[in-house]
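For the single chain, residues carry numbers from 1 onward in sequence order. Read the numbers this way: they start at 1 and go in the same order the structure lists the ligands and their atoms.
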Amino acid sequence: SNPQTAANGPSGAPILPDAAREPHEPAIIRRKDYEPFAWRVPEIRLDFDLGLETTRVEATLKVTPNPDAEAAPEIRLDGDGLVLESVAVDGEQRTDWRREGEALIVPLSPGEHVLNVATRIAPSANTQLMGLYASNGMLCTQCEAEGFRRITFFPDRPDVLSVYTVRMEADAGAFPVLLSNGNPVEQGTLEDGRHFAEWHDPWPKPSYLFALVAGDLVARTDRFTTCGGREVELGVWVRSEDLPRTSHAMESLKRSMKWDEETFGREYDLDRFNIVAVGDFNMGAMENKGLNIFNTKYVLADEETATDDDFDAVEGVIGHEYFHNWSGNRVTCRDWFQLSLKEGFTVLRDQLFSQDLHGAAIKRIGDVRVLRAVQFPEDSGPFAHPIRPDSYKEISNFYTATVYNKGAEVIRMMRELAGEAAFRKASDLYFERHDGEAATCEDFVRSMEDGAGLDLAQFRRWYEQAGTPKVTVEQAYAGDAITLTLRQSVPATPGQPDKQPVPIPLKVALFDRESGAHSGETLIVLDKAEQSFTFDGHTSAPILSINRGFTAPVVIEREISRDDLVFLAGNDDDSFARHEAMQELLLAYLLGDENEDAREAIGTAAEAILADDALDHEMRAELLSLPPFAYLAERSEVYDPGAMVVRREGLKTWLGERFADRFASLHDTLEAPAREAGPVGKQARRMRSLALGYVAAADPAKGAPRALAQYREAQGMTERQGALAVLAGLDGPEREEALADFYTRFADNALVIDKWFTLQATALREDVLGEIEQLAQHPSFTMSNPNRVRALYAVMAGNPLAFHDASGAGYRMIADLILELNLKNPQLAARFVPSLGRYRRVEPGRAALMRAELERIAEAGELSRDVSEQVSASLG
Ligand code: 0A1
Ligand code: ZN
């Protein structure tokens with residue numbers, strides 16, 4: 001046999017380095033180097049002999065030369081950690097193949113061929129959770145972005161589209177359910193207690209959308225009839241004990257299908273749509289064609305165990321993955337630099353879906369809060385990249401808030417510029433033009449231009465430049481006219497020292513001081529470095545409301561009096577702008593010099609918000625919520641976490657004292673409404689728990705028994721968690737009772753135990769870092785489950801008292817975690833690096849400690865590509 005078969009050691013274990021291990025500097029992949037693949041693979045058949053310890057895979061590829069590419073005398077197939085058994089071409093065993101690193105190269109003469117490659121893999125040993133892996137005794141796959149090469153040798157790139165036929169054979173007792181993409185074709189029993197199933201997916205797809213699931217699962221089933229009359233069988237597959245928590249997921253799926261028909265004219269295209277919930281998953285969920293695989297966190301929900309926010313997150317993620325069937329699957333990406341083509345668009349689609357279902361205002365405020373707390377810091381940090389990056393070392397590192405959330409904002413701006421109807425026309429054109437193709441962001445922009453009649457020449461800079469633009473606003477009032485002078489600057493980011501102006505659409509309104517009203521909104525587009533806009537007909541200087549609805553993802557700096565902000569916080573008819581005015585008041589106090597008047601203005605605005613009967617309680621709570629630490633850090637010139645905790649929590653206490661009676665009475669009177677079904681109950685629960693937090697901030701001795709009562713009498717997880725979040729930050733027997741009760745009550749529910757870890761790791765307590773150390777030793781803690789790791793450590797990294805402990809012990813804890821997970825689960829490990837990478841913005845003492853931890857990681861040797869790329873970017 002081929003001497004190179006020795007690439008597999010005597011026991012069959014590969015002796016080649018795993019692709020995830022990078023002894024050298026990882027190579028840089030560049031967008032400008034794109035070349036089409038030399039071959040097409042119109043069809044692939046996969047035969048799986050499934051087992052937890054060993055799985056055998058036989059792949060049969062039909063390959064033909066790609067007429068759009070330069071001809072090649074061989075085919076290069078990606079691989080990663082595979083044990084190669086045999087290679088055949090057109091039915092003949094071949095020995096003239098060779099390996100280049102992990103890749104398999106097979107010489108091929110011109111023309112059509114059938115390639116046969118047999119490999120073996122070890123799902124139980126797969127701790128990276130990429131490729132085929134085991135979770136709670138079941139087998140499942142994750143192939144995006146480059147996981148398919150861990151299953152079989154294949155051109156694992158999104159521009160190679162194939163029709164898949166998959167046959168799975170397994171023990172019928174351990175794996176009674178066998179699922180794959182598309183529609184089921186055949187199933188049957190075999191000898192020795194084994195069985196098989198065959199699935200066929202008629203829609204050509206890239207390898208990253210392949211999926212299979214084998215396990216002891218049960219399904220909630222339902223049906224959906226599409227607008228074109230297709231009967232679709234729906235299934236939500238879970239372990240049997242989880243079945244009672246699947247109805248919300250199923251209802252969300254049906255709502256998603258209907259909404260995409262009505263809003264985007266998109267109809268489903270298979271006879272089956274299956275969702276499987278998996279307990280061990282690196283991300284939220286995955287849009288595999290016809291077989292979405294989900295983190296259990298985004299499927300399972302009932303009132304006992306899931307909060308209102310959890311319910312909304314399930315619905316949003318179900319929508320997101322379902323919407324990918326068109327924006328991602330029917331039209332996919334040419335290469336991974338185009339990731340925002342599917343992700344930005346699909347995030348926008350899921351945001352609009354949630355807005356339509358539950359109201360636009362609250363959803364928009366929440367989405368912008370996430371953008372500012374996560375994406376803005378990324379955009380101003382060492383890992384800043386355009387929504388369409390120019391280069392990467394490890395693509396997994398680019399599943400970022402920039403590609404996803406800023407990507408969505410960029411498409412939202414096009415929608416704003418086009419108007420809803422024209423945007424829909426352009427979206428239809430995009431789907432029609434590129435159906436069945438692997439497209440680019442440029443294709444999308446061109447469809448927007450042609451379909452909506454826009455000129456987006458300059459707008460394309462949003463795809464090219466990183467960094468959050470800053471807009472300053474000056475106002476001059478003369479005669480009866482107000483002139484706004486706007487200046488924009490896009491900050492320098494790594495590799496992009498000089499920036500060009502971008503078009504910034506800003507919705508504005510001018511409030512008349514006397515009447516307190518405005519005479520309509522205008523959309524202005526700032527597309528130069530400096531530009532003036534004049535509005536006449538104002539008999540007195542009006543009050544400017546700008547970037548209403550957050551039409552552009554920018555930072556606005558304007559000179560505005562405190563009184564005018566108080567007016568807008570109490571009266572702006574755009575809920576986002578109203579919320580924004582309140583946030584500006586809060587930021588002015590929290591980021592400025594401690595100032596009695598600034599705090600007083602917050603009190604005046606809060607008074608009006610508490611007294612405004614026209615507000616629902618959810619919006620009231622939204623308006624009265626303090627900005628998250630991540631955004632305060634981002635807006636600080638030099639962030640001093642210790643001082644910020646004192647300032648922010650001090651403000652909370654001050655507000656709690658000032659409105660002590662009001663918050664106590666809200667907590668009392670909202671008890672009954674909080675038990676109601678529907679939006680009224682949800683709104684009441686939100687305000688009630690916020691009020692509880694203010695009561696406790698002002699007077700822990702009053703807060704603790706109130707919180708314990710809310711905990712004990714809670715009718716569902718929203719009330720229970722709301723109470724426990726407050727108690728977790730206090731001292732005393734109430735805290736201990738509730739935490740102990742919570743643990744025993746939900747001991748067998750992993751997702752709720754995650755909350756138990758999270759609630760304690762979030763607490764702003766003096767020795768929270770020591771408590772987190774203890775929690776890491778708790779028998780329920782495990783490094784093998786990503787949800788559990790995030791529940792403790794991702795939360796810890798966001799807790800200013802824990803992470804930024806002045807001793808540096810918090811930074812060391814995160815660095816140790818990164819090193820521990822580095823090879824075991826590189827993706828998960830790499831996600832923790834940016835928290836240390838933000839050291840440039842932190843006061844010098846802590847900054848030095850943070851940087852030292854990054855250096856310690858860099859010197860630790862054998863880093864995964866994921867961690868290595870993040871660490872070297874962070875060190876700059
Ligand atoms: N496309 C998915 C996100 C996703 C990406 C990578 C994954 O593997 C680690 C998993 C999921 C989405 O946008 O939902
Ligand atoms: Zn997505």
Side-chain angles (χ1 to χ4, degrees), residues 20 80 126-133 135 140-151 156 158 181 205-211 213 249 252-253 256 260 275-299 313-333 336 338-354 367 370 387 392 394-408 411 785-787 789-790 821 824-831 864-866:
D80 179 3
N126 183 351
T127 58
Q128 296 185 29
L129 314 186
M130 283 296 277
L132 180 70
Y133 65 93
S135 173
C140 63
T141 55
Q142 172 55 42
C143 292
E144 189 177 6
E146 297 179 336
F148 191 70
R149 63 186 64 184
R150 294 168 55 79
I151 296 174
D156 193 12
N181 314 92
K205 64 169 175 288
S207 53
Y208 82 88
L209 290 173
F210 164 78
V213 170
S252 300
L253 173 59
S256 305
D260 213 15
I275 287 175
V276 182
V278 178
D280 302 280
F281 202 75
N282 277 342
M283 308 273 277
M286 180 63 212
E287 70 264 23
N288 317 299
K289 184 79 187 188
L291 179 56
N292 289 359
I293 298 184
F294 272 63
N295 189 322
T296 43
K297 185 176 164 66
Y298 297 110
V299 175
V314 167
E315 183 183 77
V317 178
I318 297 241
H320 181 97
E321 305 311 329
Y322 175 74
F323 303 145
H324 267 314
N325 190 57
W326 275 93
S327 48
N329 301 3
R330 286 289 286 262
V331 182
T332 193
C333 299
W336 291 119
Q338 319 298 329
L339 184 58
S340 202
L341 173 70
K342 74 178 176 82
E343 296 305 345
F345 191 21
T346 304
V347 169
L348 175 65
R349 277 151 54 70
D350 85 52
Q351 290 179 348
L352 296 175
F353 169 61
S354 300
D367 287 339
V370 170
I387 64 169
Y392 62 78
E394 170 51 62
I395 186 57
S396 297
N397 282 330
F398 287 81
Y399 287 78
T400 58
T402 297
V403 167
Y404 275 64
N405 303 54
K406 187 179 181 180
I411 301 177
N785 176 256
N787 284 357
V789 170
R790 285 185 285 253
L821 291 171
K824 184 180 156 87
N825 188 337
Q827 275 184 28
L828 184 59
R831 295 249 157 204
S864 58
R865 204 159 51 216
D866 310 60

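- At least one donor-acceptor pair closer than 3.5 Å links the side chain of S135 to the backbone N or O of D280.
- The shortest N or O to N or O distance between H320 and ligand 1 is under 3.5 Å.
- Every residue meeting the ring-ring contact (aromatic ring centres under 6.0 Å, His included) condition with F353, not counting sequence neighbours, appears here in chain and number order: W259, F323.
- Interface of K342 with ligand 1, defined as ligand atoms under 4.0 Å from a residue heavy atom, comprises 1 (N).
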Item to complete: Take K342 and L339 through the test side chain to side chain contact (heavy atoms under 4.5 Å, CB included) and record every step on the way to the result.
Response: CA-CA 6 Å; K342 74 178 176 82; L339 184 58; 3.8 Å; yes
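- A side-chain donor-acceptor contact under 3.5 Å links T346 to the backbone of S327.
- The atoms of ligand 1 that sit less than 4.0 Å from any heavy atom of Y399 are 5 (C).
- Any N or O atom pair closer than 3.5 Å counts here, and Y404 shares at least one such pair with ligand 1.
- When M286, Q128, Q827, H324 are checked for heavy-atom proximity to atom 9 (C) of ligand 1, Q827 turns out nearest.
- Nearest non-hydrogen protein atom to atom 2 (C) of ligand 1 is E287 OE1, 3.2 Å.
- In this structure, atom 14 (O) of ligand 1 lies nearest to the protein heavy atom E321 OE2, 2.5 Å.
- When only non-hydrogen protein atoms are considered, atom 7 (C) of ligand 1 lies nearest to Q142 NE2, 3.1 Å.
- The two residues F294 and E321 have their closest heavy-atom pair at CZ-CG, 3.4 Å.
- Counting heavy atoms from C-beta outward, R150 and Q128 have side chains that approach closer than 4.5 Å.
- Protein heavy atom at the shortest distance from atom 6 (C) of ligand 1 is E144 O, 3.6 Å.
- Using a 3.5 Å distance cut-off with no hydrogens or angles, the side chains of Y399 and Q827 do not pair a donor with an acceptor.
- The shortest separation from a heavy atom of G284 to ligand 1 is not under 4.0 Å, leaving the residue out of contact.
- Regarding atom 4 (C) of ligand 1, its nearest protein heavy-atom neighbour is M283 CE, 3.7 Å.
- Centred on the Zn ion (ligand 2), the angle running from H320 (NE2) to E343 (OE1) is recorded as 110°, rounding to 10°.
- A donor-acceptor pair is defined here as one N or O able to donate and one able to accept, closer than 3.5 Å; no such pair exists between the side chain of N181 and the backbone of L291.
- Within H324, the N/O/S atom positioned nearest the Zn ion (ligand 2) carries the name NE2.
- The protein atom (non-hydrogen) at minimum distance from atom 11 (C) of ligand 1 is A285 O, 3.2 Å.
- A830 meets the side chain to side chain contact (heavy atoms under 4.5 Å, CB included) test with N397, D866, V867, Q870; sequence neighbours excluded.
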